[in-house]
Amino acid sequence: MNRSVITGKRMSKVYHLPAEDIYAVNNIDLDIHEGDYVAIMGPSGSGKTTLLDILGCMDSLSSGELKVLGFDVSGKKEDELVKIRRGHIGFVFQEFLLIPTLTALENVEIPLHFARKNVKRAECIDLLGKVGLKHRINHLPKQLSGGEKQRVAIARALMASPKILIADEPTGNLDTKNSQEIFNVFQKLNQEGLTIIVATHDEQLGKQARRILHLKDGKICS
Amino acid sequence: MNLVSLSYKNLIRKKIRTGLTVGGVAIAVSVLVSLMGFDKGYQRGLKSDIDKMGYQLLVTAKGCPYEAATLMLQGGGGLRYMEQEVYSKIIQDSRIDKVTPQLVHTVADPDKNDGQGGMMLFMGIHPSLLELKPWMEYKMGGWFSSETALEVIMGYEAAELEQRVVGDQIYVPGIDQVLTVVGIFKRTGTQDDGIIFVPIQTARDLFKLDNKLTGIGIKLKQIDDLVDFQEDLYNEPGIQVISMAQVQGTIYNLISSARVMTNSIALIAVVIAVIGVINTILMSVFERTKEIGVMRALGASRLDIFKIIWFETVMICFIGGIFGNILAFLGGHLVEQLVRGVIPYVPSGQLIYITAPLVFSSFLGAVAMGLMAGIYPAIWASSLRPVEAVRGSE
Ligand SMILES: Nc1ncnc2c1ncn2[C@@H]1O[C@H](COP(=O)(O)OP(=O)(O)O)[C@@H](O)[C@H]1O
Ligand SMILES: [Mg+2]
């Protein structure tokens with residue numbers, strides 16, 4: 001068995017609204033190992049995004065414990081969380097969220113600046129090649145299709161050589177063919193040893209992961 | 001690609017908005033540079049005008065000192081008359097290095113300015129004038145043939161205006177007299193250029209001003225004696241002594257109220273520009289909330305975000321500074337003409353004097369403006385919580 005990269009115990013995230021308290025993540029225990037490929041599935045509002053944000057050190061817990069890559073994350077402030085994210089965790093979002101003024105290549109370079117690493121152009125081009133976009137490196141996002149944009153976003157997430165890739169409904173804005181391509185990329189990356197956690201509500205795609213967690217009302221039900 | 005170019009690319013994303021904001025900054029900077037350049041140019045021009053009077057003190061008949069100061073710089077000496085005795089008495093003083101009497105008289109000339117009418121400015125002078133103003137050289141001809149000759153030497157512009165050369169006859173309206181041009185001075189860049197000079201005795205004869213004077217210019221051997229000398233003459237009846245330093249101060253005071261107004265305009269321009277910059281940057285931050293969130297997710301620290309936004313602001317102001325200076329250079333002429341119309345005395349020479357240190361400090365000012373205007377939007381952007389930023393406001 002590989003070692004744990006994420007260990008969460010009795011994790012909860014509560015939103016206090018005037019009318020009620022919403023348990024977006026409700027008392028979840030979770031263990032994710034190096035090289036895992038986990039699909040988090042569930043209907044809209046079931047807490048997928050909230051859970052991913054917590055696992056990705058973007059958001060803090062209301063209660064419970066969480067260790068990510070050996071760092072104790074529970075109760076940490078944003079300024080410390082960013083140091084864990086930087087260089088350790090890659091993010092892919094449903095809306096791609098590329099920087100529109102930058103070319104594909106420049107978008108991929110971005111995390112290196114924040115990690116204060118030297119930009120190695122060849123590496124960036126290699127990464128774009130890996131997601132099948134070697135011929136698109138100087139294109140601006142608006143010149144790319146949705147599937148291409150998402151693949152640039154994946155390359156960008158991989159740039160700082162993260163241990164964990166977190167993808168929140170990465171195919172939510174894509175058609176079936178493009179969605180499958182994205183999952184093919186994930187498959188390949190996972191085979192190379194990358195830990196991947198992906199949220200989706202598409203059964204077909206979710207099944208391709210090694211492990212599936214069904215989420216309902218902030219709880220894991222299978 | 002680095003953070004600075006990220007900021008830059010962001011600015012050119014909304015060209016019109018950025019352009020307008022840069023324009024606002026440019027106007028503020030150009031107003032500032034023009035005004036400060038004007039201040040410098042004015043003081044400089046005034047000082048050079050006063051130095052080129054050649055004397056440190058002017059004795060005139062008692063009257064309004066402001067009026068005297070202004071008239072004198074415009075070539076007159078206050079058109080009130082003193083008696084020749086005053087001159088005879090003053091030249092006894094051993095502290096005097098050089099002294100020259102003047103008799104200024106104006107004659108209305110209905111033909112001047114294409115029939116609109118104007119003034120001919122005559123000044124009766126003594127050879128000692130050229131000792132006080134050694135830079136006055138002849139372009140043509142030379143000094144009068146005698147102390148009572150019916151001859152004139154023309155200032156450069158006075159001659160130029162009427163295309164006069166040595167040997168020409170000029171007609172003096174009113175007294176029905178014709179005078180011969182015997183000399184023309186080179187350009188001095190002062191009011192002397194517009195004057196028609198005649199021997200002082202000739203002026204007295206022509207204008208029926210026997211034994212009269214309008215001014216006595218005095219240069220002392222030692223400038224330290226100036227105050228004492230002035231005090232000694234204080235008690236002489238019917239005359240006043242004005243030092244050039246006082247004239248300078250007086251004229252400068254005259255325009256100081258105008259300066260308060262123009263400085264307020266500059267201040268308003270700066271405030272408006274700063275508000276414009278803050279508004280533009282805030283809007284661009286709001287629009288990019290999600291992008292900022294992504295950058296935070298990808299490892300950008302608060303400081304990184306702060307820097308990106310701050311760079312943008314400073315860049316706007318820096319570019320505004322460049323255009324502002326260009327505008328000040330090009331528009332300075334226009335401002336100069338405007339100013340010439342509203343203030344009481346305008347020295348000759350370039351009025352708006354833009355120096356390298358002025359340009360440099362205006363850049364510093366623009367950058368400082370950017371640094372200040374950028375603080376609030378940059379803090380705002382950098383304190384966005386990454387989760388909320390990424391999810392956006394939907
Ligand atoms: N910032 C928030 N404030 C209040 N409630 C929130 C907030 N974010 C999410 N929620 C609530 O938490 C629950 C889970 O949301 P989310 O994690 O986005 O679900 P999913 O990604 O599975 O659609 C939902 O009921 C949602 O309304
Ligand atoms: Mg979601």
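Keep in mind that the numbers below use all heavy atoms, side chains included, and drop hydrogens, waters and symmetry copies. Below, chain A is the first sequence line, B the second, and so on; all start at residue 1.
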Take a 6.0 Å sphere around [atom1] of [X] and say whether it holds more than 12 heavy atoms from other residues, nucleotides or ligands.
X      : atom1 : result
A:N118 : CG    : no
B:R302 : CZ    : yes
A:K117 : NZ    : yes
B:F363 : CZ    : yes
B:F286 : CZ    : yes
A:K76  : NZ    : yes
A:H139 : NE2   : yes
B:I12  : CD1   : yes

[atom1]-[atom2] distance between [X] and [Y], expressed to the nearest 0.5 angstrom:
X      : Y      : atom1 : atom2 : answer
A:D59  : B:E388 : CG    : CD    : 8.0 Å
B:R296 : A:L81  : CZ    : CG    : 9.5 Å
A:F93  : B:R391 : CZ    : CZ    : 11.0 Å
A:F114 : B:I305 : CZ    : CD1   : 5.5 Å
B:D304 : A:R86  : CG    : CZ    : 6.0 Å
B:L298 : A:I89  : CG    : CD1   : 11.5 Å

Measure the shortest side-chain to side-chain distance between [X] and [Y] over non-hydrogen atoms and say whether it is less than 4.5 angstrom.
X      : Y      : answer
A:R156 : B:V294 : yes
A:L97  : B:E291 : no
A:P111 : B:M295 : no
A:P100 : B:R288 : no

Task: Residue, of A:R116, A:H88, A:M159, that accumulates the most heavy atom pairs under 4.5 Å with chain B - done: A:R116
TODO: Report the C-alpha separation of B:R385 and A:E78 in whole Å, then their side-chain angles, then the decisive distance to 0.1 Å, and conclude whether the salt bridge (Lys or Arg N to Asp or Glu O under 4.0 Å) test is met.
DONE: CA-CA 8 Å; B:R385 294 216 314 131; A:E78 166 54 27; over 6 Å; no
- [ ] Test side chain to side chain contact (heavy atoms under 4.5 Å, CB included) on B:L6 and A:I110 and set out the steps.
- [x] CA-CA 9 Å; B:L6 184 64; A:I110 283 253; 4.2 Å; yes
TODO: Compare every heavy atom of A:L102 with every heavy atom of B:K9, then report the nearest pair and how far apart it is.
DONE: CD-CD2, 3.6 Å
